[in-house]
Amino acid sequence: MSSSSFSGIIEAFFQRNGGWKRIKGELAVYYWPRIAGKGLASKVEANRYRDGILYLVTENAALAHQITLMSPEIILRYRKVLGQGIIKSIKIKVGSTNIITVPDQENPDVQLDRETETMISACGEEIQDPQLAEKFVHFMQKSYMNQLVKEATGGRQCKKCGIIIENGFDYCPCCERGNEGSQESAGAGE
């Protein structure tokens, strides 16, 4: 990858500070619907990544067993997207999920406000590569819309960073991971 490209510069920065593998691991949760497919992703939730392990949750015990049997294939799919050595194993548990089903069609009640649209367009205009600018604007609009839809369908803010997350959680996956050490040490004194 060329270090003069936008993605090349970002990758080089994170490789230098040791965060590239961790970022790719955290992306495993994000990529779960693509790796699993719509049908499976609507029943099985990827809720976190830690030290090479992807943690999944489903409400169906038989499906949990099936995922266990499919895990080598799932890991191979992740290798094609994230590269070698990122996902080493998969752990699945039976429990309640926070999967929110959002209809494929646009939600007419949820729209970006003018200030957000203007901000995204202005950022897109700063990118000299027209294809990258178009993809960036589309991605940001979709990301902001997803947050609004989550909020409209019962989501709430992460207690630490404020991003909208599914109801039932106190923290987003990133903040929860950073919070684990403080929760363990708080529980050790009890």
Next item on the list: For residues Ile67 and Leu40, determine if any side-chain heavy atom of one lies less than 4.5 Å from a side-chain heavy atom of the other.
Entry: yes

Item checked: Heavy-atom check, side chain of Val29 versus side chain of Leu54, under 4.5 Å -> yes

Under 3.5 Å donor-acceptor, [X] side chain and [Y] backbone:
X: Trp32; Y: Leu56; result: no
X: Thr58; Y: Ala64; result: no
X: Tyr78; Y: Ala28; result: yes

Check: With sequence neighbours left out, what residues match Lys91 under side-chain contact (heavy atoms from CB on, under 4.5 Å)?
Finding: Ile53, Tyr55

So how far is it from [X] [atom1] to [Y] [atom2], rounded to the nearest 0.5 Å?
X: Ser89; Y: Ile74; atom1: OG; atom2: CD1; answer: 12.0 Å
X: Asn47; Y: Lys93; atom1: CG; atom2: NZ; answer: 6.5 Å
X: Glu134; Y: Asp129; atom1: CD; atom2: CG; answer: 10.5 Å
X: Gln66; Y: Ile92; atom1: CD; atom2: CD1; answer: 9.5 Å
X: Leu76; Y: Ile35; atom1: CG; atom2: CD1; answer: 10.5 Å

Check: Are Val44 and Val94 connected, step by step, through hydrophobic side chains (Ile, Leu, Val, Met, Phe, Trp, Tyr) whose heavy atoms are closer than 4.5 Å?
Finding: no

State, to 0.1 Å, how close [X] and [Y] come at their nearest heavy-atom pair, and which atoms those are.
X: Pro72; Y: Thr68; value: CD-O, 4.2 Å
X: Ala36; Y: Ala41; value: CB-N, 4.1 Å
X: Ile86; Y: Tyr49; value: O-OH, 3.2 Å
X: Arg79; Y: Gln84; value: CD-OE1, 3.0 Å

Checklist line | Residues, nucleotides or ligands: over 12 heavy atoms within 6.0 Å of Tyr144 OH | finding: no

Could you list the donor-acceptor pairs under 3.5 angstrom formed by side chains in residues 114-123, with sequence neighbours left out?
residue: Thr116; atom: OG1; partner: Asp113; partner atom: OD1; Å: 2.7
residue: Thr116; atom: OG1; partner: Asp113; partner atom: OD2; Å: 3.4
residue: Glu117; atom: OE1; partner: Gln141; partner atom: NE2; Å: 3.1
residue: Thr118; atom: OG1; partner: Arg114; partner atom: O; Å: 2.8
residue: Ser121; atom: OG; partner: Glu117; partner atom: O; Å: 3.1

